[in-house]
Amino acid sequence: MKQSLFVYNTLTRKKEEFTPLNAPHVGMYVCGPTVYSDVHLGNCRTYISFDLIFRYLNHLGYKVRYVRNITDAGHLEDDSDTGEDKISKKAKIAKVEPMEIAQKYTVGFREVLGIFNTLPPSIEPTATGHIIEQIELVKEMIANGYAYEVDGSIYFDVEKYNKNFDYGVLSGRNLEDMLNNTRSLGGQEEKHGKLDFALWIKAKPEHLMKWPSPWGVGFPGWHLECSAMSHKYLGDQFDIHGGGLDLVPTHHTNEIAQNEACFNKTPAKYWVHTNMLTVNGQKMSKSLGNSFLPHELFTGHNAILNKGYSPMTVRFFMLQAHYRSTLDFGNEAMEASEKGFKRLMNAFSLLDGLKASATTEAEITPLRERCYEALNDDFNSPVLIAELFEASRIINSVHDGKMAIDAANLQQLKDLMNDFVTEILGLKNEQASTDELPKVVDFIVNLRNEAKTNRDYATSDKIRDGLQKIGIQLKDAKEGTTWTKI
RNA sequence: GGUCAGAUGGCCGAGUGGCUUAGGCACAGGUCUGCAAAACCUGAUACGGCGGUUCGAAUCCGCUUCUGACCUCCA
């Protein structure tokens, strides 16, 4: 019935058939945010993409354990031993407890993702909650000979690791190139090799976030928390490991090295990476200053924006591009998505009022097949959406009495829209109307119809134009007048 | 500089060795309508450049130009 799912694996640079290690269970780990500032729209794109993947795997009947971490410690400013914990740094500036910073941005992160209608992960573990597990991994790496101590800090020996493993498996680079092309950074005198990275960093006395360890008081390096938490909750090996494309060369490369060095096993079978959101062709990032926050997008309060766009419009906009392509943000594109999304939602809302006929001119089964085909081809949401516009066309035609559909196909059509629009794409109608509004509008529409019957078009047009200005659009049809919020 | 991606019609954005076209938005014509809107139907505009492979390439290969990402924190 359903064809098999193919997933693009960064490890092999090919689309591969998805076969879980322990079906029907699927383990998926996605690198979450470092909570030291607000999430911007580019971050959101990644989590919306994985939300689609999570939702589709669930739809297929898999029992998915979706782990997405919160990095609330250990994220270095740079990879030298003078590096400072990002959370800790921000806390000093703001004169608050580090955990206050982490809490603030964790709450903000969840709030924003909720607004985008993403499902919460199964487990959302924090780095600070897994210091012991991280220390255990460091011990293991030292015992296995892949890590060394220098004055209370522990580093990972990349060149030694590369003798037994392939450090560049994921990025496709070889060690020699990396060694030749890495820019030399300051403050690295403690490291044996220029690619070596910190696993545990000795804390200076004034450092705020620190924990005791066998090597003295310190804090964990970035990368380590993901190895510790993915291992704890998903085991030596799990199905999917995901994150933004920019994590491939450093974070995920080091994560794989840590896991291999500890357990002699590659952690994940499929590595899935989402592409960047760009603005005028450039990656949206905090350092470039071209990022903007979700609430700025909703309200339109940002110099790049002509106006605000609703959360579901933004979600729809993102799903209209494939997750592995860069997506360029622009006002024109957003306005196009806004209209397209309304078109889809309008069709969706007509669904319940459709009348079945004895015969049918619409066959829904092949349409459903094509929807599955789209998603099975590496979660191709843009193609799926194209099919859903075909479904919309059918709905509109049936509604206009231009096409007949029988009861069986009508039910299939309803199921199709529910499954793919609501459940899998996670889109919902935002035309939240209060209880009174429909009654009020209906009342006014009746008044207008009286005027129309009396051929008092001046009055009827005045009513229609007035409502239009308020944001309610009337549509006259043979069966009567309908209305939508614009 | 090194490594890796990508260049598709007015815009966004899929796809692909030939089959009938992605799709959305915008545009033009039509149906419907008191007029409009919506909806439906029809239409136009395309695959960066130069070579090569092939019966046939926008799709494969080579070169070239441009853009971006990573190599430093980044989803």
Side-chain angles (χ1 to χ4, degrees), chain A residues 13 30-34 36-37 39-50 75-80 83 86 168 171-174 176-178 180-185 195 222 242-251 273-278 281-288 291 316-317 320-322 324-344 346-347 350 374 377 380-390 392-393 395-397 399-403 452 455 457 460-461 464-465 468 473-478 481-484 486:
Chain A
R13 299 184 186 252
V30 174
C31 288
T34 305
Y36 65 97
S37 65
V39 274
H40 64 65
L41 203 64
N43 306 123
C44 294
R45 185 187 181 198
T46 293
Y47 302 115
I48 289 172
S49 297
F50 282 104
H75 204 154
L76 295 180
E77 286 289 302
D78 58 51
D79 248 347
S80 74
K86 274 193 172 176
S171 65
R173 295 176 194 183
N174 65 58
E176 210 168 292
D177 288 343
M178 286 190 262
N180 291 336
N181 291 308
T182 302
R183 296 177 202 170
S184 59
L185 297 163
L195 291 176
W222 185 40
L245 198 62
D246 51 357
L247 296 180
V248 171
T250 309
H251 182 58
H273 291 100
T274 60
N275 216 321
M276 301 293 110
L277 182 70
T278 60
Q282 272 204 317
K283 175 181 171 180
M284 179 181 284
S285 76
K286 284 169 202 161
S287 44
L288 283 171
S291 66
F316 181 76
F317 165 72
Q320 264 188 311
H322 188 260
R324 278 194 293 114
S325 302
T326 54
L327 172 62
D328 197 47
F329 181 90
N331 282 291
E332 261 188 82
M334 284 307 301
E335 275 169 44
S337 284
E338 186 174 57
K339 287 181 185 168
F341 177 61
K342 273 183 187 154
R343 186 174 149 81
L344 187 65
N346 187 49
L350 292 174
D377 184 14
N380 198 324
S381 55
V383 169
L384 170 64
I385 288 171
E387 299 298 348
L388 294 176
F389 276 112
E390 168 64 14
S392 301
R393 195 184 61 78
I395 293 169
N396 287 326
S397 296
H399 177 255
D400 287 354
K402 289 169 182 159
M403 189 187 262
K452 267 175 68 180
R455 299 198 162 262
Y457 293 124
S460 74
D461 286 359
R464 184 180 61 202
D465 296 347
Q468 173 95 23
Q473 185 171 73
L474 301 188
K475 297 167 203 166
D476 292 334
K478 277 176 190 159
T481 304
T482 58
W483 59 275
T484 50
I486 313 168

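It should be emphasised that the depicted structure is a prediction, and the values quoted were computed from it without experimental measurement. The figures that follow rest on heavy atoms only: side chains count, while hydrogens, waters and symmetry mates do not. So that the names make sense, note that chain A is the first sequence line, chain B the second, and so on, each numbered from 1.
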So does [X] get a side-chain nitrogen or oxygen closer than 4.0 Å to the phosphate oxygens (OP1/OP2) of [N]?
{"X": "A:Ser325", "N": "B:A14", "value": "yes"}
{"X": "A:Asn275", "N": "B:A5", "value": "no"}
{"X": "A:Lys342", "N": "B:C25", "value": "no"}

So what does [X] touch, heavy atoms closer than 4.0 Å: a base, only the sugar-phosphate, or nothing?
{"X": "A:Asp328", "result": "sugar-phosphate"}
{"X": "A:Met284", "result": "base"}
{"X": "A:Gly243", "result": "sugar-phosphate"}
{"X": "A:Tyr47", "result": "sugar-phosphate"}
{"X": "A:His251", "result": "nothing"}

Quick check: closest heavy atoms across A:Asn275 and A:Arg324, and the distance to 0.1 Å? ND2-O, 2.9 Å
What's the shortest heavy-atom distance between A:Thr274 and A:Ser49, and which atoms? CG2-CB, 3.6 Å
Inter-nucleotide C1' distance (B:U8, B:U67), Å rounded: 15 Å
Nearest-angstrom distance, C1' atom, B:C41 to B:C66: 41 Å
Check for a donor-acceptor pair, side chain of [X] on one end and backbone N or O of [Y] on the other, with a separation under 3.5 Å.
{"X": "A:Ser460", "Y": "A:Tyr457", "value": "yes"}
{"X": "A:Thr278", "Y": "A:Leu327", "value": "yes"}
{"X": "A:Asn396", "Y": "A:Arg393", "value": "no"}
{"X": "A:Asn346", "Y": "A:Lys342", "value": "no"}

Represent RNA chain B in dot-bracket notation, 5' to 3'. Only Watson-Crick or G-U wobble pairs with both distances under 3.5 Å count; pseudoknot-style crossings use [ ] and interstrand partners use |. (((((((..(((.....[....))).(((((.......)))))....(((((..]....))))))))))))....
From the options B:C40, B:A75, B:G13, select the nucleotide whose nearest atom is closest to the side chain of A:Leu277. B:A75
Consider the side chain of A:Asn396, meaning its heavy atoms from C-beta on, and name the nucleotide among B:C12, B:G15, B:C40 that approaches it most closely. B:C40
Walk me through whether A:Val383 and A:Asp377 qualify under side chain to side chain contact (heavy atoms under 4.5 Å, CB included). CA-CA 10 Å; A:Val383 169; A:Asp377 184 14; over 6 Å; no
Residues which pass side-chain contact (heavy atoms from CB on, under 4.5 Å) with A:Glu332, listed by chain and number, not counting sequence neighbours: none
Atom-pair distance (CZ on A:Phe329; C1' on B:G68), nearest Å: 19 Å
Pairs: protein N or O with nucleotides 30-38 of chain B N or O, under 3.5 Å:
unit_1, atom_1, unit_2, atom_2, d
B:G34, N1, A:Asp461, OD1, 3.1
B:G34, N2, A:Asp461, OD2, 2.9
B:C35, O2, A:Arg464, NH2, 2.9
B:C35, N3, A:Arg464, NH1, 2.9
B:C35, N4, A:Asp476, OD2, 3.2
B:A36, N6, A:Asp476, N, 3.3
B:A36, N6, A:Asp476, O, 3.3
B:A36, N1, A:Asp476, N, 3.4
B:A36, N3, A:Arg464, NH1, 3.1
B:A37, O2', A:Gln473, OE1, 3.3
B:A37, O2', A:Gln473, NE2, 3.2
B:A37, N1, A:Asp476, O, 3.1

Which atoms of nucleotides 26-29 of chain B (N or O only) lie under 3.5 Å from a protein N or O atom, and what are those distances?
unit_1, atom_1, unit_2, atom_2, d
B:A26, OP1, A:Lys339, NZ, 3.1

Quick one: the side chain of A:Arg173 and the base of B:C71, do they pair up donor-acceptor inside 3.5 Å? no
What one-letter contact string describes nucleotides 18-23 of chain B from 5' to 3', where B marks a base within less than 4.0 Å of any protein heavy atom, S marks contact via sugar-phosphate atoms alone, and - marks no contact? ----BS
At a cut-off of 3.5 Å, list every protein nitrogen or oxygen paired with a nitrogen or oxygen from nucleotides 41-44 of chain B, distance to 0.1 Å.
unit_1, atom_1, unit_2, atom_2, d
B:C41, OP1, A:Arg393, NH1, 2.6

How long is the straight-line distance from OG1 of A:Thr326 back to CG of A:Leu277, given to the nearest 0.5 Å? 9.0 Å
